[in-house]
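Contents: one structure, followed by commentary.
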Amino acid sequence: MSCKLTFGAVSGHFAFFIFTFLATLGLSFWSDWEFWYISLITSLALLGIAYCIWLVYDRSPWLIINASGITFKNNRWLFTRLKFISWDSVVSYYNYTYPFDHVIQPEYLVLVCIKGKKQKITISGLDYSKDEILEAVKRYYSSSGDADGEA
């Protein structure tokens, strides 16, 4: 299973950058481009819009679940390296929903690894649903031969 990022994952950032761009563009225009810092913010907001578009059209995988383990990106940066966790190092796993955000409610998959180290993987905003991702994790985790610690 290979999951990719969707527009819904970056739509809030996209809307923020568009609002900032339009607001500062108006201020820059009305001030006859006298204040350089307003123009700088306008340029940075335009770069943010371009980056969000680039994120959406990037088709590289953000989460790969297979028989050997889980490979994932946990940051919204395109140049972040994929991190790999083998099923042999996973003791248990569970699903976590951030309870304080009532509008978006981001979903996480938490892997408890050897020595109690926890790895939180963002699974909201991907092109597969939470249930499909958890089913794939359950299938591969149970086939790894160490399914007695499943949560």
Side-chain angles (χ1 to χ4, degrees), residues 1-27 38 40-151:
M1 168 183 268
S2 180
C3 304
K4 295 173 179 49
L5 196 64
T6 62
F7 179 72
V10 293
S11 60
H13 301 292
F14 188 71
F16 171 76
F17 284 128
I18 287 178
F19 173 76
T20 304
F21 174 74
L22 292 176
T24 56
L25 184 67
L27 289 173
I38 295 176
L40 178 67
I41 294 171
T42 305
S43 301
L44 290 175
L46 186 61
L47 285 174
I49 292 169
Y51 183 74
C52 286
I53 291 171
W54 191 17
L55 268 177
V56 170
Y57 284 107
D58 176 47
R59 297 295 22 157
S60 63
W62 287 74
L63 177 68
I64 301 170
I65 303 170
N66 56 25
S68 60
I70 295 181
T71 308
F72 61 96
K73 280 185 192 179
N74 228 10
N75 296 328
R76 298 281 188 233
W77 298 106
L78 277 177
F79 306 112
T80 304
R81 291 180 157 232
L82 292 170
K83 186 174 182 180
F84 175 74
I85 296 179
S86 170
W87 290 121
D88 296 333
S89 65
V90 177
V91 177
S92 65
Y93 68 91
Y94 58 93
N95 180 34
Y96 175 71
T97 303
Y98 190 69
F100 297 113
D101 192 351
H102 299 292
V103 178
I104 299 172
Q105 291 190 342
E107 295 280 338
Y108 301 101
L109 171 66
V110 181
L111 302 175
V112 180
C113 298
I114 296 173
K115 298 181 184 174
K117 182 180 177 189
K118 292 183 181 180
Q119 183 63 53
K120 186 167 73 169
I121 303 170
T122 306
I123 58 174
S124 55
L126 299 176
D127 58 353
Y128 283 92
S129 71
K130 172 190 78 163
D131 296 330
E132 291 171 319
I133 292 171
L134 291 175
E135 183 62 36
V137 169
K138 181 179 180 181
R139 181 173 14 122
Y140 287 120
Y141 179 72
S142 63
S143 68
S144 71
D146 195 20
D148 56 341
E150 185 177 328

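Atoms CD1 and NZ, from I133 and K138 in turn, are 16.0 Å apart once rounded to the nearest 0.5 Å. If you take CD1 on I123 and CD on E132, they are separated by 11.0 Å, rounding to the nearest 0.5 Å. With rounding to the nearest 0.5 angstrom, the CG atom of L47 is 11.0 Å from the SG atom of C52. Separation of atoms CD1 (I18) and CD1 (I49) is listed at 5.0 Å; rounding is to 0.5 Å. Here the CZ-CG distance, from F17 to L44, works out to 8.5 Å after rounding to the nearest 0.5 Å.
For Y96, there are no ring-ring contact (aromatic ring centres under 6.0 Å, His included) partners two or more places apart in sequence or in a different chain.
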From CA spacing to verdict: side-chain contact (heavy atoms from CB on, under 4.5 Å), S11, H13 = CA-CA 5 Å; S11 60; H13 301 292; over 6 Å; no
Can you list the steps and then say if L63 with T71 is a side-chain contact (heavy atoms from CB on, under 4.5 Å)?
-> CA-CA 6 Å; L63 177 68; T71 308; over 6 Å; no
Check step by step if side-chain contact (heavy atoms from CB on, under 4.5 Å) holds for I64 and M1.
-> CA-CA 6 Å; I64 301 170; M1 168 183 268; over 6 Å; no
Verdict with supporting geometry, T6 and L126, side-chain contact (heavy atoms from CB on, under 4.5 Å) | CA-CA 6 Å; T6 62; L126 299 176; 5.8 Å; no
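Shown here for N66 and S68, the closest heavy-atom pair between the two residues is OD1-OG, 2.9 Å. What you find for L5 and R59 is that their closest heavy atoms are O-NH2, 3.0 Å. Across I85 and F72, no two heavy atoms sit closer than the pair CD1-CE2, 3.8 Å. Across all their heavy atoms, S86 and S89 have their closest contact at O-OG, 2.9 Å. Across N95 and Y108, no two heavy atoms sit closer than the pair OD1-O, 2.9 Å. Taking every heavy atom of both residues into account, Y128 and C3 meet most closely at CD1-SG, 3.4 Å.
Looking only at side-chain heavy atoms (C-beta outward), I53 and F14 come within less than 4.5 Å of each other. By the 4.5 Å heavy-atom criterion applied to side chains, V110 and Y93 are not counted as neighbours. With a 4.5 Å cut-off on side-chain heavy atoms, S60 and K73 count as touching. Side-chain atoms of L109 and L134, non-hydrogen and from C-beta on, do get closer than 4.5 Å to each other. Contact check for W54 versus Y51: side-chain heavy atoms found under the 4.5 Å cut-off.
Within 6.0 Å of CZ on F7 lie more than 12 heavy atoms contributed by other residues, nucleotides or ligands. Within 6.0 Å of atom CZ in R81, 12 or fewer heavy atoms from other residues, nucleotides or ligands are found, so the atom counts as exposed in its surroundings.
Judged by distance alone, the side chain of W87 and the main-chain N or O of I70 form no donor-acceptor pair under 3.5 Å.
Residues D131 and S129 have side chains that never bring a donor and an acceptor to within less than 3.5 angstrom of each other.
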Please tabulate, one pair per line, all N/O donor-acceptor pairs under 3.5 Å involving side-chain atoms of residues 112-121, not counting sequence neighbours.
| from | atom 1 | to | atom 2 | distance (Å) |
| --- | --- | --- | --- | --- |
| Q119 | OE1 | K83 | NZ | 2.8 |

